[in-house]
**Q** 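I have a structure here, written as C-alpha cells, and I will follow up with some questions on it.
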Amino acid sequence: MAEAREEETVSAEASGFSDLSDSEFLEFLDLEDDEKLCASLSKPGSSSELPEKDDKPLSLQNWKRELDVLSPMERFHLKYLYVTDLSTQSWCELQMAYEKELPGDLKPEKAAVLNTGASIHLARELELHDLVTISVTTKEDAWAIKFLNILSMIPTLQSEGRIREFPVFGEVEGMFLVGVIDELHYTAKGELELTELKTRRRAMLPLAAQKKKDCFQVSLYKCIFDAMVQGKVTPASLIQHTKLCPDKPLGPSVLRHAQQEGFSVKSLGDLLELVFLSVTLSDLPVIDILKIEYIHQETATVLGTDTVAFEEKEVRGKVQHYMAYWMGHREPQGVDVEEAWKCRTCNYKNICEWRRSGGVLSSALEPQHKKAK
DNA sequence: ATTGCTAAAGGG
C-alpha cells in the first residue's frame with residue numbers, strides 16, 4: 001500500500017519576505033510603535049515627508065481597523081483550524097496567538113528536536129506503507145489526495161488491523177478541525193485503539209502541563225473520528241467550511257493516481273461522496289481507547305504510556321472556551337502564575353503583553369530584592 | 001490584486 005503525499009510547489013523567491021502582501025507586512029509589524037511603522041512604510045524616495053497623523057496610508061488605516069473589528073479567524077484568513085492549533089493553544093493561548101501574528105524562526109536547538117521527532121514519526125509511518133509524491137497545484141488537488149488516502153486506509157485497517165497517519169476532519173462545537181491521527185489499530189480484544197507517539201529529547205517523563213496538552217489533542221481526534229464514522233461529517237459540511245469547489249477539475253497527476261487506485265472519479269465531489277460512504281459503511285467503531293506513548297529520542301526507550309480518560313463534556317467545554325478567542329469574543333490569555341515557567345522558553349517573552357500587564361506577576365518571574373531593613 | 005490563502009505535526 002502506498003500513501004500519496006502531495007508535493008510542495010514553492011518557488012525559491014516565495015519563501016522569504018517577498019511573499020508578504022501589504023496587509024500581511026503590516027501585521028508583521030504589529031507591535032512596533034507608530035513612528036517606526038510609518039518610517040518603514042514610507043518609500044525610500046519620499047523620506048522627507050512622513051505621513052501626517054490623520055493622513056496615514058490607507059493600508060495603515062485598514063490595518064488599524066482590522067485589529068479592531070476582525071476576529072482572529074478573519075485576520076489570519078483562516079477557514080478552519082488544525083487540531084494542533086488547539087493543543088498549542090492549551091499550552092499557552094497567547095504564545096499561540098503571537099506565533100500566528102508574528103511567525104518567526106524557531107531556535108535552531110528547538111528546530112533540531114522537532115526535526116528528530118518528525119523523522120522518528122516518518123520512520124514509523126514507513127513501516128506500514130510507502131510514500132508516493134504527487135504534485136498538486138490547487139487546494140482541491142490537495143484534498144483529493146487526502147481523500148484517496150482515506151479510501152485506501154480504511155480497508156487496510158479492517159483487513160490488517162493497523163494504519164498510520166490517518167487524516168480526520170469535521171466540526172467540533174461549531175469549528176471545523178483538520179488533523180492527522182498517528183496510529184489506529186485493533187487490540188487483541190478487538191477494540192479500536194488510537195496511539196499518539198510523543199518523542200522527547202530528555203529521558204524523563206513529561207510534566208503535567210505537557211500531558212494535559214497531549215490528552216486534549218488525542219481527545220480531539222476521537223471527537224472528530226467518531227463524528228466521521230457516525231455520519232455527522234457530511235460532504236456538504238466539508239464543502240461549506242473549506243470553500244472547496246467540488247466540481248473543479250482535478251489535476252492530471254491526481255486523476256492518474258486515483259485511476260491507479262481503482263477509483264473512477266472525475267471531480268473532488270465524486271471522491272468526497274466515496275469517502276462519506278466508505279467512512280460510514282465500513283463498520284468502523286468509534287475509538288475505544290486513547291493512548292499516548294512517550295519515548296526518548298536518542299535511545300528509543302519507552303518513558304511511559306498513558307491511557308487517556310475521554311471526558312467528552314470537558315473536552316467540548318474547552319473547545320468552546322478556545323473558540324471564543326478565535327471568534328473574537330475575548331482577548332487571548334497568557335498562562336496562570338503557577339505555569340509562568342513556560343515563559344522561560346517562549347520566543348515572545350520580551351514582547352508579551354500578558355507579562356507586561358501583570359497577568360503573570362513579575363515577582364514570580366524576576367524576584368525583586370527584598371527591601372533593605 | 002481595492003486580492004487570496006492552509007501540510008499537520010514536530011517538543012516544551
Side-chain angles (χ1 to χ4, degrees), chain A residues 3-10 14 19-24 27 57-59 61-62 73-88 90-92 95-96 99-100 103 106-125 131 133-146 149 164-169 176-183 196-202 204-214 217-218 220-221 224 241-245 292 294-297 303 335 339-347 349:
Chain A
E3 185 204 346
R5 167 165 293 198
E6 60 185 278
E7 194 173 63
E8 287 232 35
T9 51
V10 181
D19 65 331
L20 294 174
S21 70
D22 287 353
S23 69
E24 282 167 325
E27 286 172 10
L58 189 59
S59 53
Q61 281 176 5
N62 285 344
M73 288 304 283
E74 295 165 324
R75 240 177 25 242
F76 305 136
H77 314 286
L78 302 175
K79 293 196 273 284
Y80 52 84
L81 295 174
Y82 300 139
V83 168
T84 46
D85 287 331
L86 292 198
S87 59
T88 302
S90 95
W91 178 263
C92 173
Q95 181 184 14
M96 190 277 312
E99 273 163 6
K100 289 279 179 196
L106 12 93
K107 290 183 194 139
E109 188 203 68
K110 189 179 171 186
V113 177
L114 292 178
N115 284 336
T116 303
S119 344
I120 293 169
H121 277 265
L122 178 59
R124 289 232 180 175
E125 178 180 4
L131 292 179
T133 300
I134 298 168
S135 63
V136 296
T137 52
T138 64
K139 57 181 178 166
E140 280 75 15
D141 280 353
W143 278 87
I145 300 296
K146 193 195 292 285
N149 284 332
R164 288 192 176 136
E165 305 297 314
F166 184 77
V168 290
F169 47 84
F176 201 80
L177 299 179
V178 175
V180 177
I181 293 177
D182 248 10
E183 175 173 325
E196 169 73 26
L197 176 71
K198 294 293 180 199
T199 73
R200 299 175 60 75
R201 189 178 71 82
R202 312 212 330 166
M204 48 191 290
L205 277 168
L207 297 171
Q210 182 80 57
K211 287 191 178 187
K212 204 172 129 192
K213 164 182 176 276
D214 298 339
Q217 182 184 353
V218 297
L220 288 174
Y221 289 140
I224 303 169
H241 282 97
T242 59
K243 304 279 186 276
L244 289 161
C245 302
I292 306 171
Y294 296 96
I295 69 164
H296 184 215
Q297 288 194 340
L303 302 171
V335 295
E339 294 196 330
W341 52 268
K342 288 178 176 175
C343 305
R344 197 168 46 85
T345 55
C346 177
N347 271 354
K349 63 183 164 199

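Because the structure is a prediction, the values reported are computed rather than measured. Residue numbers begin at 1 in each chain, while the letters A, B, ... track the order of the sequences.
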**Q** Does some side-chain heavy atom of A/T199 sit less than 4.5 Å from a side-chain heavy atom of A/T116?
**A** no

**Q** For DNA chain B, whose closest nucleotide is more 5', that of A/K213 or that of A/T242?
**A**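 Nearer the 5' end of the strand: A/T242.
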
**Q** Does A/K146 place a side-chain N or O at less than 4.0 Å from the phosphate oxygens OP1/OP2 of B/dA8?
**A**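 So the side-chain polar atoms of A/K146 do come within 4.0 Å of the phosphate oxygens OP1 or OP2 of B/dA8, strictly under.
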
**Q** Which part of the nucleic acid does A/L244 contact within heavy-atom distance under 4.0 Å: base, sugar-phosphate only, or nothing?
**A** nothing

**Q** Looking only at the side chain of A/V180 (C-beta and beyond, no hydrogens), which of the listed nucleotides B/dA8, B/dG11, B/dT6 gets closest?
**A**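 The closest nucleotide is B/dA8.
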
**Q** Whether A/Q217 contacts B/dG10 is assessed here as follows: a side-chain N or O lying under 4.0 Å from the phosphate OP1 or OP2. Is that the case?
**A**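 True: A/Q217 side-chain N/O within range (under 4.0 Å) of B/dG10 OP1/OP2.
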
**Q** Report the distance from atom CG of A/L205 to atom C1' of B/dG11, rounded to the nearest whole Å.
**A** 15 Å

**Q** To the nearest Å, how far apart are A/E99 CD and B/dG10 P?
**A** 15 Å

**Q** For a quick test of reading the model: is some side-chain N or O of A/T116 closer than 4.0 Å to OP1 or OP2 of B/dG11?
**A**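 Answer is no, no contact under 4.0 Å.
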
**Q** Output yes when at least one side-chain N/O atom of A/Y221 is less than 4.0 Å from OP1 or OP2 of B/dA8, else no.
**A** no

**Q** For B/dG10, does either OP1 or OP2 sit under 4.0 Å from a side-chain N or O belonging to A/H121?
**A** yes

**Q** Answer yes or no: side-chain N or O of A/Q95 and base N or O of B/dG12 forming a donor-acceptor pair under 3.5 Å.
**A**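 Side chain to base: pair found, below 3.5 Å.
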
**Q** Expressed as a whole number of Å, how far does the C1' atom of B/dT6 sit from that of B/dT2?
**A** 24 Å

**Q** Return the nearest nucleotide to the side chain of A/V178; candidates are B/dA8, B/dG11, B/dG12.
**A**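 The listed nucleotide nearest to A/V178's side chain is B/dA8.
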
**Q** Keeping A/K211 on the side-chain end and A/P206 on the backbone end, is there a donor-acceptor pair under 3.5 Å?
**A** no

**Q** Just the rounded figure in Å: distance from C1' of B/dG4 to CD of A/E140.
**A** 13 Å

**Q** Does the side-chain ring of A/Y80 sit on the six-membered ring of the B/dT6 base, less than 5.5 Å centre to centre and under 30° in tilt?
**A** yes

**Q** Whole Å only: how far is the CD atom of A/E165 from the P atom of B/dA9?
**A**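 To the nearest whole Å, that distance equals 9 Å.
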
**Q** Check whether any side-chain N or O of A/R200 sits under 4.0 Å from OP1 or OP2 of B/dG12, and answer yes or no.
**A** yes

**Q** Report the distance from atom NZ of A/K211 to atom C1' of B/dG12, rounded to the nearest whole Å.
**A**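 Distance check: A/K211 NZ to B/dG12 C1' gives 15 Å.
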
**Q** Just to be sure I understand the rule, does A/L207 reach a base, reach only the sugar-phosphate, or reach nothing, if contact means heavy atoms closer than 4.0 Å?
**A**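 Result for A/L207 = nothing.
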
**Q** For A/D182, answer base if it contacts any base atom (sugar-phosphate contacts may also be present), sugar-phosphate if it contacts only those atoms, and nothing otherwise; contact means non-hydrogen atoms under 4.0 Å.
**A**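 Contact class for A/D182: sugar-phosphate only.
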
**Q** Quantified in whole Å, what is the C1' atom distance between nucleotide B/dC5 and nucleotide B/dA1?
**A** 13 Å

**Q** Starting at CG of A/L197 and ending at C1' of B/dA8, how long is that distance when rounded to a whole Å?
**A** 15 Å

**Q** Compare all side-chain heavy atoms of A/K342 with those of A/Q95 and state whether any distance is below 4.5 angstrom.
**A**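 Contact flag for A/K342/A/Q95 side chains = no.
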
**Q** Just the rounded figure in Å: distance from P of B/dA8 to CG of A/L220.
**A**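 Computing the A/L220:CG to B/dA8:P distance gives 15 Å.
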
**Q** Nearest to the side chain of A/K79, which nucleotide is it out of B/dC5, B/dG10, B/dG12?
**A**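 From the listed options, B/dC5 comes nearest.
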
**Q** Which pairs of donor and acceptor atoms, one on a side chain in residues 80-88 of chain A, lie under 3.5 Å apart (sequence neighbours left out)?
**A**
{"from": "A/D85", "atom 1": "OD1", "to": "A/K100", "atom 2": "NZ", "distance (Å)": "3.4"}
{"from": "A/D85", "atom 1": "OD2", "to": "A/Y82", "atom 2": "N", "distance (Å)": "3.0"}
{"from": "A/S87", "atom 1": "OG", "to": "A/T84", "atom 2": "O", "distance (Å)": "3.4"}
{"from": "A/T88", "atom 1": "OG1", "to": "A/T84", "atom 2": "O", "distance (Å)": "2.6"}

**Q** Could you work out, with ring pair (Phe, Tyr, Trp, His ring centres under 6.0 Å) as the rule, every residue matching A/F176, not counting sequence neighbours?
**A** A/H241

**Q** Considering only heavy atoms from C-beta outward, does the side chain of A/R164 approach that of A/D182 to under 4.5 Å?
**A** no

**Q** What integer distance in Å separates A/K139:NZ from B/dG4:C1'?
**A** 9 Å

**Q** The side chain of A/V83 lies closest to which of these nucleotides: B/dG12, B/dG10, B/dA9?
**A**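 Of B/dG12, B/dG10, B/dA9, B/dA9 is nearest to the side chain of A/V83.
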
